[in-house]
Number of protein chains: 2
Amino acid sequence: MKIKDIAKLAGVSPATVSRVMNNNGYVKADKRKAVEAVIKEVGYQPNEIAKSLKNQKSKIIGVIVPKISTETASRIVDGITQVTKTRNYQLLIANTNQQIEEEINSLKFLSNKLVDGIIMSATEVTDQHIEVARRLTVPLVIIGQKMEGFTCVLYNNYNAVTDLFNYIVDSGHQEIAFIGVDQRDIEVGQIRKQAYLDGLERHQLPYNPDLVAIEDFSIESGYKAMTRILEKRLPTAVMAVTDHLAIGAIQAIRDCGYRIPEDVSVTGIGDIKLAQYLSPPLTTVHYNFKTSGQIAAEQLFNQMDQEEKYVAEDIYIDYDLVIRNSLKKR
Amino acid sequence: MKIKDIAKLAGVSPATVSRVMNNNGYVKADKRKAVEAVIKEVGYQPNEIAKSLKNQKSKIIGVIVPKISTETASRIVDGITQVTKTRNYQLLIANTNQQIEEEINSLKFLSNKLVDGIIMSATEVTDQHIEVARRLTVPLVIIGQKMEGFTCVLYNNYNAVTDLFNYIVDSGHQEIAFIGVDQRDIEVGQIRKQAYLDGLERHQLPYNPDLVAIEDFSIESGYKAMTRILEKRLPTAVMAVTDHLAIGAIQAIRDCGYRIPEDVSVTGIGDIKLAQYLSPPLTTVHYNFKTSGQIAAEQLFNQMDQEEKYVAEDIYIDYDLVIRNSLKKR
DNA sequence: TACTTAATTGAAATCGATTTCAGTTTTATT
DNA sequence: AATAAAACTGAAATCGATTTCAATTAAGTA
């Protein structure tokens with residue numbers, strides 16, 4: 001069923017049917033009624049592809065995430081849908097599996113008028129990213145990383161880690177281990193570590209490389225990293241750069257026969273849903289990922305609505321220190 | 001940049017450019033080279049919408065999920081991408097927030113040639129679902145629920161719960177509580193409960209309504225349900241219909257001053273990622289959601305490839321009993 | 001060499017909607 | 001009643017690709 005068929009059945013032209021469907025332009029009451037009757041009767045739904053082509057917009061937002069099956073990503077997407085739904089926009093999701101290659105490809109592909117805007121939750125920003133992004137003909141908003149010239153929704157990693165570090169020190173800890181990730185991830189790998197290093201200095205604590213381990217994002221990585229640290233030295237507190245790493249670390253510490261938090265305190269970052277249900281409940285930093293998705297979507301719509309060039313800005317998402325029992329005062 | 005512009009720059013017709021792009025039809029080597037040079041130089045990427053309209057396929061698969069920010073859903077989507085990626089298909093995700101209304105709307109909307117096929121992870125199947133589904137002009141595969149006339153990827157809930165129940169009884173438990181969900185969810189609400197009831201009968205255990213509580217899917221619901229049960233009676237084991245419910249139940253049991261598994265054993269179903277990192281680690285049933293996504297996608301492509309009507313079939317996904325320490329032998 | 005077949009090319013139709021434009025009918029105003 | 005303004009309508013152009021079709025050229029064969 002196409003618009004032509006409806007037109008024929010209702011005894012009008014396709015133009016009139018279009019006017020009825022979109023409720024614009026003049027249509028006499030009786031014709032409108034006739035058209036509406038036919039539409040209802042045959043259950044006509046217009047071809048969205050044809051509409052998109054003619055209207056030069058698809059009403060689809062492209063979303064690029066490193067891995068959808070991750071609490072962070074799925075919550076961000078949740079937040080995005082919350083906003084897009086109010087505008088009747090659909091979401092095209094590109095799962096890149098953390099591969100830079102895929103990320104670039106998705107950016108390129110989505111830009112070809114398939115989507116009206118793009119939100120990318122990035123783990124790494126390379127020169128190639130920036131180059132492709134600049135060529136984009138649709139607005140782009142970045143979540144989680146800074147990218148010059150684009151609106152970015154960011155987590156205030158430096159302050160969060162600093163607050164957490166201060167809290168750990170204030171709780172009486174001096175030997176604080178750090179489990180981080182690769183430096184290519186600026187926000188999580190670099191900034192969070194820098195805040196740790198600056199924290200040490202501020203409190204005049206010595207930097208001990210034996211207490212620092214860098215790994216991937218998985219729980220298993222946390223386990224490995226912690227094991228490596230324990231082979232060298234037993235810290236009184238461990239600051240892991242994500243909750244998953246913290247969970248892995250806890251496991252490793254227990255497997256070595258130590259108790260948490262009596263022997264070693266552990267903290268994470270992110271506040272995954274289950275953080276409070278672990279035993280002991282995890283001390284961590286709460287980020288509202290859903291909110292960041294919402295804000296990114298709002299920013300994107302702002303840019304799409306704007307005719308002239310939009311001024312990029314960095315938006316920082318609030319965080320909360322969540323004090324639970326995985327950290328013990330000494 | 002459109003195909004016409006490329007044609008002009010390369011000194012050929014749009015038809016020739018199209019032939020080069022899609023590598024079909026005859027094109028002389030020199031013209032091909034010329035066209036390829038221009039394409040590369042200007043970084044031409046064809047308008048996907050226009051292609052879709054002309055080709056009568058969008059190379060997009062629609063995915064309808066109750067809530068993307070759920071481990072189950074996001075893993076399913078992960079599995080789907082795994083398969084769609086090999087075919088260069090994109091994913092359009094409709095997040096319905098568990099609202100039937102939204103589910104129906106999404107089905108209707110997606111069908112209008114916007115997508116080439118649909119995968120729906122349903123929680124409930126109403127008559128309205130079936131009616132809309134029958135009118136669809138694109139193939140549809142269902143995950144998690146049975147729907148007459150459509151290919152369904154199912155979890156063998158009855159057998160899984162039966163195995164688990166047997167294991168609990170074999171471990172010496174007689175007072176087994178049950179935390180379930182609404183019966184409108186046939187697979188989780190109805191079948192899992194029926195397996196519990198049949199289990200009682202098979203082992204000649206009395207049915208005690210005080211030991212059964214029905215709630216929503218959240219952790220909090222598990223807490224509420226367990227609290228209600230504990231007000232009446234103290235079971236030796238609790239069978240929760242999802243891991244999240246189990247986690248809530250564990251919390252409630254602890255808050256009443258009982259130990260797990262010494263005083264009360266608890267089991268879940270689903271085997272979420274963190275199940276093994278809880279303390280005690282959760283005894284549960286492992287479902288491979290990612291695999292179900294993959295299989296659903298493969299089935300969908302099969303149908304899309306097929307010219308004639310495809311014969312619907314039910315496919316059951318394997319499960320594994322995962323024995324951990326949240327259940328204690330008596 | 002004559003003739004068949006294969007290779008090459010671009011003009012124009014097509015996909016299914018929207019919108020402009022020009023023509024026609026109503027309605028409002030003086 | 002005359003005229004201006006508003007309401008209504010459909011034919012045709014358009015969005016940006018693909019593909020058919022017919023025309024032309026090159027290659028192969030007897």
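Chain A is the first sequence line, chain B the second, and so forth, proteins listed ahead of strands; every chain is numbered from 1.
- For the pair Y26(B) and dA7(C), the criterion of a side-chain N or O lying under 4.0 Å from OP1 or OP2 is met.
- Candidate nucleotides dT9(D), dT19(D), dG10(C) were compared by shortest atom distance to the side chain of S13(B), and dG10(C) ranks first.
- Place R19(A) and V27(B) on DNA chain C by their nearest nucleotides, and V27(B) ends up nearer the 5' end.
- Among the protein residues, K4(B) comes within range of no part of the nucleic acid, since none of its heavy atoms lies under 4.0 Å from any strand.
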Expected list for residues 93-109 of chain B: side-chain donor-acceptor pairs under 3.5 angstrom, two or more places apart:
{"from": "N95(B)", "atom 1": "OD1", "to": "I68(B)", "atom 2": "N", "distance (Å)": "3.0"}
{"from": "N95(B)", "atom 1": "ND2", "to": "D78(A)", "atom 2": "OD1", "distance (Å)": "3.0"}
{"from": "N95(B)", "atom 1": "ND2", "to": "T81(A)", "atom 2": "OG1", "distance (Å)": "3.4"}
{"from": "T96(B)", "atom 1": "OG1", "to": "V65(B)", "atom 2": "O", "distance (Å)": "3.2"}
{"from": "E103(B)", "atom 1": "OE1", "to": "H129(B)", "atom 2": "NE2", "distance (Å)": "2.6"}
{"from": "S106(B)", "atom 1": "OG", "to": "E102(B)", "atom 2": "O", "distance (Å)": "2.9"}

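- Counting to the nearest Å, the P atom of dA17(D) and the CG atom of L114(A) are 12 Å from each other.
- Distances from the side chain of I3(B) to the nucleotides dT9(D), dA17(C), dA17(D) place dA17(D) closest.
- For E187(B) against K146(B), the heavy-atom pair with the smallest separation is OE2-N, 4.3 Å.
- Proximity of residues 45-58 of chain B to DNA chain C (heavy atom under 4.0 angstrom from any strand atom) is restricted to L53(B), K54(B), Q56(B).
- Electrostatic pairing of E36(B) and K40(B) does not count as a salt bridge here, judged by no charged N lying under 4.0 Å from a carboxylate O.
- Atoms NZ (K28(A)) and C1' (dT25(C)) sit 6 Å apart, rounded to a whole Å.
- V12(A) comes within contact range of the sugar-phosphate backbone alone, with a heavy-atom separation under 4.0 Å but no base atom that close.
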side-chain contact (heavy atoms from CB on, under 4.5 Å) evaluation trace for Y155(A) with S292(A): CA-CA 9 Å; Y155(A) 309 106; S292(A) 69; 2.8 Å; yes
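- Enclosure of atom CG in N22(A) by more than 12 non-hydrogen atoms of other residues, nucleotides or ligands within 6.0 angstrom is indicated.
- A close approach under 4.0 Å does occur between a side-chain nitrogen or oxygen of T16(B) and OP1 or OP2 of dG10(C).
- The CE-C1' distance, from M1(B) to dC15(D), rounds to 17 Å in whole Å.
- D30(A) has its CG atom 13 Å from the C1' atom of dT25(C), to the nearest Å.
- In this structure, M21(B) places its CE atom 15 Å from P of dG16(D), rounding to the nearest Å.
- Under 4.0 Å is where a charged nitrogen must lie from a carboxylate oxygen, and between D182(A) and R184(A) at least one such pair does.
- The pair R87(A)-D305(A) counts as a salt bridge, with a side-chain nitrogen and a carboxylate oxygen less than 4.0 angstrom apart.
- Between the CD1 atom of I6(A) and the P atom of dG16(C) there is a distance of 13 Å, rounded to whole Å.
- Both A15(A) and K2(A) sit near DNA chain C, but only K2(A) has its closest nucleotide nearer the 5' end.
- The side chain of K31(B) lies closest to dT9(C), out of dT9(C), dT19(D), dG16(C).
- Side-chain nitrogen and oxygen atoms of N24(A) include at least one within less than 4.0 Å of the OP1 or OP2 phosphate oxygen of dT19(C).
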One pair to check against side-chain contact (heavy atoms from CB on, under 4.5 Å): M21(A) and Y44(A). What are the steps and the verdict? CA-CA 10 Å; M21(A) 293 286 300; Y44(A) 169 68; 3.9 Å; yes
Go through the steps for L154(B) and I317(B) under the test side-chain contact (heavy atoms from CB on, under 4.5 Å), then give the verdict. CA-CA 6 Å; L154(B) 298 159; I317(B) 298 292; over 6 Å; no
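- For K59(A) and dT18(C), the NZ to C1' distance is 15 Å, given to the nearest whole Å.
- Taken together, the paired segments of DNA chain C that extend over three or more consecutive Watson-Crick or G-U pairs, each closer than 3.5 Å at both contacts, are C:1-30 with D:1-30.
- When all heavy atoms of V83(A) and T86(A) are compared, the pair lying nearest together is O-OG1, 2.6 Å.
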